[in-house]
Every structure is written in C-alpha cells, then in structure tokens.
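Take a look at the structure below.
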Amino acid sequence: MSVEQVARDFITMMTDAEKTKAFLTADAMASGGVLPQPLPAMEAFKLIGGLNAAFPDLKFVVQQVTVNGNQATVKAQVSGTNTGALSLAMPGMPTSIPASGKKVSVKDAYVVTVRGDKVSHLKVESPADGGIPAILAQIGVKIPTM
C-alpha cells in the first residue's frame, strides 16, 4: 500500500478505535495539536474516543494529501453533531460538558509517518482556526489556555 493510501485510510478511520489500532506500529507516537507532549498513539486516541462519545456521527473527510518520502500531510474536514456529553482528558477542561445539539465543521491537518503499511507517528498540525480548539469554540466551550 502506498504512503498516501495508508495516510488517507488512517485519517478516515480515526473514529473506529479497532481499525485505528490495526493501522499503528507497536511503538507509534502522536504529538502536536492539544497534546501537551508526545504520547503513545493509543493513549492520545483517548481524545478521539471522547469526541466520538460527544459526536456519534463524527467523521474525518480527507481533502488533500501531499507525500514527501515516508510522510504524508493530510488536510481534512472534521464534522459531527454534539448529541452526547463531552469528556476530554485535557488540562483545565471540565470533566463533562453537556451536549449542545450543535453541528460542527472544522479544518484540521496531520502529518502521518508511515513505516511499511503502518503508521508510526501522527503529528497534529491544526490550523489556527481548526482542530479541537475550533470544535470546542463552535459548541460554545471556553478553551483553556494551553
């Protein structure tokens, strides 16, 4: 499988914990975005689990992929409807934020490092008006200072 296809499939399937796990190398790491430091990828994906619970229809739609060697930069549109309580393990965040019923749609970007047919590193490179901070803003949640 090509670097582009691995990256594209991985980002598209990030809402499915089992499929995501199958795409990761045993030592895969995640960094950037709202993560305070690099973390083992499966630990970092607890944030996605929190988003999935709050946005059952959450989806990542790949819009552009640029490949450079074994890395792919993936630009995506993230959308969903906040119909469940939101719990994110982030410093300064309330333990549970009630559902707002609001729809969200934000841009996000990721640098996916591929080793073989697996992802060894995911770096979140959210634009200033995108990613989890933009999702929180769209549902009316004050974002903690990071």
Side-chain angles (χ1 to χ4, degrees), residues 1-82 84-97 102-139 141-146:
M1 201 177 323
S2 71
V3 168
E4 178 180 349
Q5 194 62 55
V6 170
R8 184 179 290 275
D9 290 350
F10 179 72
I11 297 301
T12 302
M13 294 181 201
M14 281 199 306
T15 58
D16 184 318
E18 289 307 308
K19 287 182 181 177
T20 298
K21 191 175 183 179
F23 263 88
L24 296 170
T25 62
D27 60 347
M29 297 293 286
S31 63
V34 297
L35 297 174
Q37 63 199 30
L39 295 172
M42 284 313 295
E43 188 175 328
F45 273 95
K46 289 178 184 173
L47 281 172
I48 300 292
L51 287 174
N52 275 333
F55 299 86
D57 61 344
L58 184 70
K59 62 182 173 179
F60 294 78
V61 176
V62 173
Q63 297 190 314
Q64 180 183 359
V65 180
T66 307
V67 176
N68 183 8
N70 70 332
Q71 290 187 325
T73 300
V74 180
K75 293 183 180 179
Q77 191 72 29
V78 183
S79 62
T81 308
N82 182 210
L86 177 61
S87 297
L88 294 177
M90 287 172 48
M93 288 293 296
T95 53
S96 183
I97 300 163
K102 294 181 179 177
K103 292 182 183 288
V104 300
S105 182
V106 303
K107 293 184 182 311
D108 216 345
Y110 313 91
V111 177
V112 180
T113 304
V114 177
R115 187 184 325 140
D117 283 347
K118 302 249 183 195
V119 173
S120 63
H121 190 258
L122 174 69
K123 182 176 182 188
V124 180
E125 292 191 342
S126 302
D129 60 346
I132 290 176
I135 289 172
L136 294 173
Q138 287 185 16
I139 63 170
V141 174
K142 182 163 175 36
I143 302 162
T145 306
M146 289 185 253

> Any side-chain heavy atom of Phe10 sitting closer than 4.5 Å to one from Val114?
Replying inline: no
> What is the minimum heavy-atom distance between Ala7 and Val74, and which atoms define it?
Replying inline: CB-CG2, 3.8 Å
>> Val3 and side-chain contact (heavy atoms from CB on, under 4.5 Å): which single residue from Thr113, Val67, Val65 fits?
In response: Val67
> Does Lys75 reach the side chain of Lys107, with side-chain heavy atoms less than 4.5 Å apart?
Replying inline: no
> Can you name the nearest heavy-atom pair linking Gly50 to Leu86, along with the distance?
Replying inline: O-CD1, 3.6 Å
> Hey, are the side chains of Leu122 and Phe45 touching, using non-hydrogen atoms and a 4.5 Å cut-off?
Replying inline: yes
> Under 3.5 Å, side chain of Asp9 to main-chain N/O of Ile11, donor-acceptor pair present?
Replying inline: no
>> Please give me the minimum heavy-atom distance between Gly80 and Phe55, naming the atom from each residue.
In response: C-CD2, 3.7 Å
> If you look at every heavy atom in Pro133 and Val34, which pair is closest and at what distance?
Replying inline: CD-CG1, 3.8 Å
>> Within a 6.0 Å radius of atom NZ on Lys123, are there more than 12 heavy atoms belonging to other residues, nucleotides or ligands?
In response: no
> Are any non-hydrogen side-chain atoms of Asp108 and Val124 less than 4.5 angstrom apart?
Replying inline: yes
>> So which atom in Met13 and which in Lys19 form the shortest heavy-atom distance, rounded to 0.1 Å?
In response: SD-CD, 3.8 Å
>> Rounded to the nearest 0.5 Å, what separates atom CD1 in Ile139 from atom CG in Asn82?
In response: 4.5 Å
> Would a 4.5 Å heavy-atom cut-off, applied to side chains only, mark Leu39 and Lys46 as touching?
Replying inline: no
>> Quick one, Gln71 and His121 - any side-chain contact, counting heavy atoms below 4.5 Å?
In response: no
> Does some side-chain heavy atom of Phe60 sit less than 4.5 Å from a side-chain heavy atom of Ile48?
Replying inline: yes
> Checking side-chain contact (heavy atoms from CB on, under 4.5 Å) for the pair Asp27/Arg115: CA distance, chi angles, key distance, verdict?
Replying inline: CA-CA 11 Å; Asp27 60 347; Arg115 187 184 325 140; 3.4 Å; yes
> Can you find a pair of side-chain heavy atoms, one from Glu4 and one from Ser2, that are under 4.5 Å apart?
Replying inline: yes
> Minimum heavy-atom separation for Phe23 to Val6, with atom names?
Replying inline: CE2-O, 3.7 Å
>> Can you tell me if Asn68 has over 12 outside heavy atoms packed within less than 6.0 Å of its CG?
In response: no
> What distance separates Gln77 CD from Gln64 CD, expressed to the nearest 0.5 Å?
Replying inline: 13.0 Å
>> With side-chain contact (heavy atoms from CB on, under 4.5 Å) as the test, pick out the partner of Asp57 among Thr15, Thr81, Asn52.
In response: Thr81
